[in-house]
Amino acid sequence: MTTQDTELLYLPSDLQKDLLPQHVAVIMDGNGRWAKRQGLPRIMGHKRGVDALKDLLRCCQDWGIKALTAYAFSTENWKRPQEEVEFLMSLFQRVLRQELREMVEENVQIQFVGNLEALPTALQAEISYSMAETKNNQSIKFTVATNYGGRQEILQACRAIAHKVQDGILKPEDISEELFASHLYTAGIADPDLLIRTSGEMRLSNFLLWQMAYGEIYITDTLWPDFDRREFHRALCAYQQRERRFGKV
Ligand code: IPE
Ligand code: IPE
Ligand code: MG
């Protein structure tokens, strides 16, 4: 947290507690461009990105937001140069190990969504351990989307449901929105109310395709490593001005 931000330790007075989003999701984009602008290698942007995420998690706790989901690695990100992919995998593992104790102390429940089986085995082990250690924690549900793709998530749900129909466990007419959602990686997690994307790109990049049917989208030009409490405050102010109609008049 920067010194300027310490004045934002508590919920800013222009935000209404009862109008806060229950669940915020973020597409943490722009790490590479941030590094390039500083004349640094891309991986330095990812390192700084971790600090921005830690501060956002803390901020959500300080301001009473009960769920945060962050997009850390997409199913398409494997197409990046091998050194960058390897750096990211080892960064995830290192950060998870370093931060677990604090998450336990702070009552954070961490969970991972995505095709976790394709991740390096050492990272998978760290993920399982951290999820088990924090599973009963109540202060905030912190979800990290890793090797996550919305289309792939929908396909694996279809396959699982098709198998159940084939085995006679379900009938086709049993397939409702609720049943379908319960087969997604995000089963048990409410849909996001607000999705923030940094670095100005106006696309979902395969993130939460089903879950974002009615979520509000906020895009800022700020690059992810520079996203701080002031920026988050701005996003929440914008969210509170929105009228969510859900198809009604
Ligand atoms: C987002 O930053 C982090 C990941 C996708 C892992 P980028 O690495 O996409 O940064 P830009 O978009 O190239 O600037
Ligand atoms: C989306 O960012 C994925 C993550 C933030 C993890 P990308 O940088 O991969 O998305 P595109 O390629 O600009 O759509
Ligand atoms: Mg990007």
Side-chain angles (χ1 to χ4, degrees), residues 23-57 60 67-96 98-99 110-120 122-124 126-127 142-156 184-186 189 192 194-212 215-228 231-232 235:
H23 181 184
V24 173
V26 273
I27 300 179
M28 311 184 285
D29 197 15
N31 293 350
R33 276 163 282 174
W34 180 91
K36 193 170 176 204
R37 277 184 203 173
Q38 321 278 320
L40 297 168
R42 290 178 57 83
I43 57 169
M44 293 307 289
H46 298 315
K47 271 181 97 166
R48 286 295 293 268
V50 172
D51 297 332
L53 179 58
K54 275 164 60 178
D55 191 37
L56 179 61
L57 175 63
C60 286
L68 173 67
T69 295
Y71 201 6
F73 194 87
S74 75
T75 45
E76 289 71 40
N77 288 148
W78 296 106
K79 296 175 194 152
R80 294 185 175 207
Q82 194 189 341
E83 314 83 72
E84 183 171 343
V85 170
E86 280 170 9
F87 177 84
L88 283 167
M89 294 299 148
S90 61
L91 180 71
F92 298 154
Q93 197 185 327
R94 200 165 58 242
V95 170
L96 202 45
Q98 278 165 4
E99 300 301 322
I110 190 169
Q111 51 195 353
F112 286 78
V113 291
N115 177 10
L116 305 179
E117 285 161 24
L119 296 171
L123 176 57
Q124 283 186 51
E126 211 73 59
I127 285 175
F142 176 41
T143 305
V144 186
T146 314
N147 193 21
Y148 174 91
R151 286 188 171 183
Q152 196 221 36
E153 175 185 43
I154 289 169
L155 283 181
Q156 66 77 37
L184 296 172
Y185 297 134
T186 53
I189 305 171
L194 171 65
L195 170 70
I196 298 170
R197 182 164 189 156
T198 55
S199 89
E201 309 297 355
M202 301 198 187
R203 53 178 170 262
L204 286 175
S205 297
N206 209 7
F207 193 42
L208 302 178
L209 299 183
W210 170 279
Q211 298 84 344
M212 276 299 292
E216 295 292 326
I217 301 176
Y218 177 87
I219 293 166
T220 169
D221 284 333
T222 300
L223 304 175
W224 176 252
D226 290 329
F227 189 87
D228 59 9
E231 287 287 340
F232 190 42

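For the single chain, residues carry numbers from 1 onward in sequence order. As the structure lists them, so they are numbered: ligands from 1, and atoms in each ligand from 1.
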Residue, atom name and distance, where the atom is the protein heavy atom closest to [atom]:
atom: atom 10 (O) of ligand 1; answer: Gly32 N, 2.9 Å
atom: atom 9 (O) of ligand 2; answer: Asn77 ND2, 2.9 Å
atom: atom 11 (P) of ligand 2; answer: Ser205 OG, 3.6 Å
atom: atom 2 (O) of ligand 1; answer: Asn31 N, 3.2 Å

Exercise. Determine, using heavy atoms of Lys79 and all atoms of ligand 2, whether some pair is separated by less than 4.0 Å.
Key: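 Distance cut 4.0 Å: Lys79 fails for ligand 2.
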
Practice problem: Take every heavy atom of Arg203, measure it against each atom of ligand 2, and state whether any distance is under 4.0 Å. | Solution: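 Within the 4.0 Å threshold, so yes.
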
Quiz item: Taking the minimum heavy-atom distance to atom 6 (C) of ligand 1, which of Pro225, Ala72, Gly200 ranks first?
Solution: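 Going through Pro225, Ala72, Gly200 one by one, Ala72 has the nearest heavy atom to atom 6 (C) of ligand 1.
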
Quiz item: Considering only heavy atoms, which of Glu84, Met28, Arg80, Arg37 lies nearest to atom 8 (O) of ligand 1?
Solution: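 Answer by nearest heavy atom: Arg80.
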
Quiz item: At the 4.0 Å heavy-atom cut-off, does Gly30 count as touching ligand 1?
Solution: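 In this structure, Gly30 qualifies as a contact of ligand 1 - some heavy atom is under 4.0 Å.
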
Practice problem: Would you please determine whether Arg42 falls within less than 4.0 Å of ligand 1 on a heavy-atom basis? | Solution: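 For ligand 1, residue contact (heavy atoms, under 4.0 Å) with Arg42 is present.
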
Counting distance only, does the side-chain N/O of [X] pair as donor-acceptor with the main-chain N or O of [Y] below 3.5 Å?
X: Asn77; Y: Val85; answer: no
X: Thr198; Y: Thr220; answer: no
X: Arg197; Y: Met202; answer: no
X: Tyr185; Y: Ala145; answer: no
X: Glu153; Y: Tyr148; answer: no

Self-check item: Side-chain heavy atoms of Phe227 within contact of Ile196, under 4.5 Å
Solution: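 The answer is yes, as the side chains (C-beta and beyond) meet within the 4.5 Å cut-off.
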
Quiz item: Are Thr146 and Leu119 side-chain neighbours, meaning at least one heavy-atom pair lies under 4.5 Å?
Solution: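 Yes, close enough: below the 4.5 Å cut-off.
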
Quiz item: Short list, please: which atoms of ligand 1 are under 4.0 Å from a heavy atom of Arg33?
Solution: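 Those atoms are 11 (P), 12 (O), 14 (O).
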
Exercise. Verify whether one side chain among Thr75 and Gln152 offers a donor that lies under 3.5 Å from an acceptor in the other.
Key: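 No - no donor-acceptor pair under 3.5 Å links their side chains.
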
Quiz prompt | Atoms of ligand 2, numbered as shown, that sit under 4.0 Å from any heavy atom of Phe73 | solution =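 Taking each heavy atom of Phe73 in turn, ligand 2 has 6 (C) under 4.0 Å.
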
Exercise. Run the numbers for me: atoms of ligand 2, each under 4.0 Å from some heavy atom of Arg197, listed by number.
Key: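 In order of number, 2 (O), 10 (O), 11 (P), 13 (O), 14 (O).
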
Exercise. Return the orientation label for the Phe73 and Trp78 ring planes: parallel under 30°, perpendicular over 60°, tilted otherwise.
Key: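 Because their plane-to-plane angle is over 60°, the rings of Phe73 and Trp78 count as perpendicular.
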
Practice problem: Give the atom name of whichever N/O/S atom in Asp29 sits closest to the Mg ion (ligand 3). | Solution: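 This turns out to be OD1.
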
Quiz item: Between His46 and ligand 1, which residue portion shows a heavy-atom distance shorter than 4.0 Å: side chain, backbone, both, or neither?
Solution: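 It is the side chain that touches ligand 1; the backbone stays farther off.
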
Self-check item: Residues Glu86, Glu83; criterion side chain to side chain contact (heavy atoms under 4.5 Å, CB included); working and verdict
Solution: CA-CA 5 Å; Glu86 280 170 9; Glu83 314 83 72; 5.6 Å; no

Quiz item: Hey, is ligand 2 close enough to Asp29 that some N/O pair sits below 3.5 Å?
Solution: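 Yes, there is a polar N/O contact under 3.5 Å.
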
